[in-house]
S.K.: 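Input: one structure, supplied below.
We're numbering straight along the sequence, starting at 1. Given the structure is predicted, the values throughout are model-derived calculations rather than measurements.
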Amino acid sequence: MFLFVAGGAPGRLFYSLTKRFTDFTHVFLGVALALAPIGAWLAVKGEFVWLPMKDSALLPILLAVAVVLWLIGFDIIYALQDYEFDRRNNLHSLVVRWGPRNALTGAFLSHMIMWGVLVAFGLLSGFRLAYFTGLLIILVSLLLEHWLARWRDQKWIDVAFFRLNALISLVFLAVTVAEVMFPNFRFGR
C-alpha cells in the first residue's frame, strides 16, 4: 500500500490527508518512500539474511533509514513556504508545531544523522574512495542547503530544495554505482 501511496497523485493525496491529523506528515511520506530500497533488495536477493555483511539485510535497512531522514529534512525546508497558510487553515506539520526556526534545526539534525547513516552504509558495504568523496560533496551540499534555507525566501528555498537535493541524489547514485561497478577498489574484498 505504501509503495502505491508514495507515487504520483495518490502520494500527494495521502500526504495532504496526514496534514489534517498529524504533525509528522514528513515522517509518513519518508516511510512510504523508504520502502523502495527494502523492496528492491527483496526483489534482487529474494530474502533477508543478516550474515555475511555483504549480503546483510542491514544494508537496505540503513538506506531506508537514510531516505526517511533525508525526506524529513528537505520536506521541512519545503514546508517553510506553507507555514502561514498551514497555521491559518489548522493544518499540521513540524514547521507549524515547532515554528520555522526550530523546524530548521530539526531538519538540520535529521540531515546530519542521515549523513552519518550513509557513512555507516559505506563502511559496512566496504566502499572506498569514490563513495566517501561523494559523501563529502553531499555533506557540503547539505550544509549549503541549510544555509540557504535560513533566509526563508522563496527563491533560496527553491535552490535549496530542488537543485541541491537533485545534486545530492545524483552524486549518491553515481558514487554507489562506481563502487559496485569497480569492486577491486573497495575495502576488505
S.K.: Applying side chain to side chain contact (heavy atoms under 4.5 Å, CB included), can you list everything that pairs with S169, at least two apart in sequence or on another chain?
M.R.: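 By the side chain to side chain contact (heavy atoms under 4.5 Å, CB included) rule, S169 matches W70.
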
S.K.: Output a table of donor-acceptor pairs, distance under 3.5 Å, between side-chain atoms of residues 36-47 and any protein atom two or more places apart or on a different chain; print 'none' if there are none.
M.R.:
{"residue": "K45", "atom": "NZ", "partner": "D55", "partner atom": "OD1", "Å": "2.8"}

S.K.: Sequence neighbours left out, what pairs pass salt bridge (Lys or Arg N to Asp or Glu O under 4.0 Å) with at least one residue falling in residues 24-35?
M.R.: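 Every candidate salt bridge (Lys or Arg N to Asp or Glu O under 4.0 Å) pair involving residues 24-35 fails, so no pair, neighbours aside, qualifies.
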
S.K.: Can you list the residues that meet the side chain to side chain contact (heavy atoms under 4.5 Å, CB included) rule with L139, with sequence neighbours excluded?
M.R.: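 Only M112, W115, L143 meet the side chain to side chain contact (heavy atoms under 4.5 Å, CB included) criterion with L139.
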
S.K.: Any salt bridge (Lys or Arg N to Asp or Glu O under 4.0 Å) pairs touching residues 107-123, not counting sequence neighbours?
M.R.: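 Sorted result for residues 107-123: empty, none.
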
S.K.: Grab the two heavy atoms, one from A130 and one from V175, that are nearest each other, plus how far apart they are.
M.R.: O-CG1, 3.2 Å

S.K.: About how many Å separate CZ of F28 and CD1 of I72, when rounded to the nearest 0.5 Å?
M.R.: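 Answer rounded to 0.5 Å: 11.5 Å.
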
S.K.: Would you please name every residue forming a side chain to side chain contact (heavy atoms under 4.5 Å, CB included) with A166, sequence neighbours left out?
M.R.: none

S.K.: Sequence neighbours left out, what passes side-chain hydrogen bond (donor to acceptor under 3.5 Å, both in side chains) with R87? Give chain and number order.
M.R.: Y83

S.K.: Rounded to the nearest 0.5 Å, what separation is found between the CG atom of D75 and the OG atom of S110?
M.R.: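 Here the rounded value is 10.5 Å.
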
S.K.: Do the rings of F121 and F127 sit parallel, tilted or perpendicular, given the 30° and 60° boundaries?
M.R.: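 The arrangement is perpendicular - the two ring planes meet at more than 60°.
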
S.K.: Checking side-chain contact (heavy atoms from CB on, under 4.5 Å) against M114, which of V119, L142, V65 comes through?
M.R.: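 The single option meeting the side-chain contact (heavy atoms from CB on, under 4.5 Å) with M114 is L142.
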
S.K.: Any chance you could measure F132, atom CZ, to L123, atom CG, to the nearest 0.5 Å?
M.R.: 4.0 Å

S.K.: Looking only at non-hydrogen atoms, find the nearest pair between G134 and V171 and report the distance.
M.R.: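 Where G134 meets V171 most closely, the heavy atoms are O-CG1, 3.5 Å.
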
S.K.: Evaluate the criterion side chain to side chain contact (heavy atoms under 4.5 Å, CB included) for residue pair L63 and F172; output intermediate values, then yes/no.
M.R.: CA-CA 11 Å; L63 284 179; F172 185 76; 3.7 Å; yes

S.K.: Residues two or more places apart in sequence or in another chain: which of them pass side chain to side chain contact (heavy atoms under 4.5 Å, CB included) with S141?
M.R.: I137, L164, L167, I168

S.K.: Any donor-acceptor pair under 3.5 Å linking the side chain of S93 with the backbone of V96?
M.R.: yes

S.K.: How many angstroms lie between atom CD1 of I76 and atom NE2 of H111, to the nearest 0.5 angstrom?
M.R.: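 Here the interatomic distance stands at 8.5 Å.
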
S.K.: Cluster question for you: counting only ILVMFWY and a side-chain heavy-atom cut-off of under 4.5 Å, with indirect links fine, are L71 and F162 together?
M.R.: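 Looking at the clustering, F162 is in the same group as L71.
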
S.K.: Applying a strict under-4.5 Å side-chain criterion to I, L, V, M, F, W and Y, I'd like to know whether W147 and V140 cluster together.
M.R.: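 Cluster IDs for W147 and V140 differ.
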
S.K.: Locate the shortest heavy-atom distance separating R128 from E179; write the atom from each residue and the value.
M.R.: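 So the minimum-distance heavy-atom pair works out to N-OE2, 3.0 Å.
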
S.K.: Provide the closest heavy-atom pair for I77 versus A149 in the form atom of the first, atom of the second, distance.
M.R.: CG2-CB, 3.8 Å

S.K.: Rounded to the nearest 0.5 Å, how far apart are CG of L80 and CZ of R150?
M.R.: 9.5 Å

S.K.: Just how far is it from atom NE2 of H146 to atom CG of L109, taken to the nearest 0.5 Å?
M.R.: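 One gets 9.0 Å once the value is rounded to the nearest 0.5 Å.
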
S.K.: Quick check: do V95 and D82 have side-chain heavy atoms less than 4.5 Å from each other?
M.R.: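 Result no, sub-4.5 Å side-chain heavy-atom pair not found.
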
S.K.: Are L144 and L148 close enough that some pair of their side-chain heavy atoms sits under 4.5 Å apart?
M.R.: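 In short, these two side chains touch, coming nearer than 4.5 Å.
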
S.K.: Using the salt bridge (Lys or Arg N to Asp or Glu O under 4.0 Å) rule, collect all pairs that involve residues 56-65, keeping only residues at least two apart or in two chains.
M.R.: none

S.K.: Hey, any chance L170 and L118 share a hydrophobic cluster, counting ILVMFWY side chains that come within less than 4.5 Å of each other, even indirectly?
M.R.: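 No; L118 is not reachable from L170 via cluster members.
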
